[in-house]
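Structure first, then comments.
These values consider heavy atoms only, across backbone and side chains, with no hydrogens, waters or symmetry-generated copies. Quick caveat, the model's predicted, so the values are computed rather than measured.
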Amino acid sequence: MKMADLKQRLRSDRPMTTVTLRMPEDVIEDLKRIAPLLGYSGYQPLLRAYIGQGLRADLERLEDAPIARLLENLKAQGVSEETLARAMAGLSSSSTGGS
């Protein structure tokens, strides 16, 4: 995830929308029971945290997967580690405003 995206997601004033979600009652009761033990004010913030964690993990996995496959393919084609490292450094500096 890009730093700008992460900073945006950490803002507390992000707009919210209401979602209706059907879940088993025992799951909601468990969430209500453990939320305060984990430092959450209620089960809904805990549920949002769980969803956010899973979403961030999937986004990272899915967004980075094509690049990882490309790098492995290029290595198999004989492209040197040094060349790949320079190319990746160039991508990093261009995404952060560098040259």
Separation between CD (E72) and CD (Q77), nearest 0.5 Å, reads 12.0 Å
Those residues at least two apart in sequence (or on a different chain) that pass side chain to side chain donor-acceptor pair (under 3.5 Å) with D58 are R61
Between the CZ atom in R48 and the CE atom in M16, the distance rounded to the nearest 0.5 Å is 4.0 Å
OG1 (T83) and CG (L74) are apart, to the nearest 0.5 Å, by 10.0 Å
- Salt-bridge criterion met for R86 and E82 (N-O under 4.0 Å): yes
Sorted by chain and number, sequence neighbours left out, side chain to side chain contact (heavy atoms under 4.5 Å, CB included) with E81 holds for K75
d(Y43 OH, E29 CD) to nearest 0.5 Å is 9.5 Å
query: Any chain of hydrophobic side-chain contacts (each under 4.5 Å) joining I28 to Y50?
result: yes
Residues passing the side chain to side chain contact (heavy atoms under 4.5 Å, CB included) test with Y40, sequence neighbours excluded, are A35, L38, P45, L46, A49
More than 12 heavy atoms of other residues, nucleotides or ligands under 6.0 Å from CD of E25: yes or no? no
Should L55 and L31 be counted in the same cluster of Ile, Leu, Val, Met, Phe, Trp and Tyr side chains packed under 4.5 Å apart? no
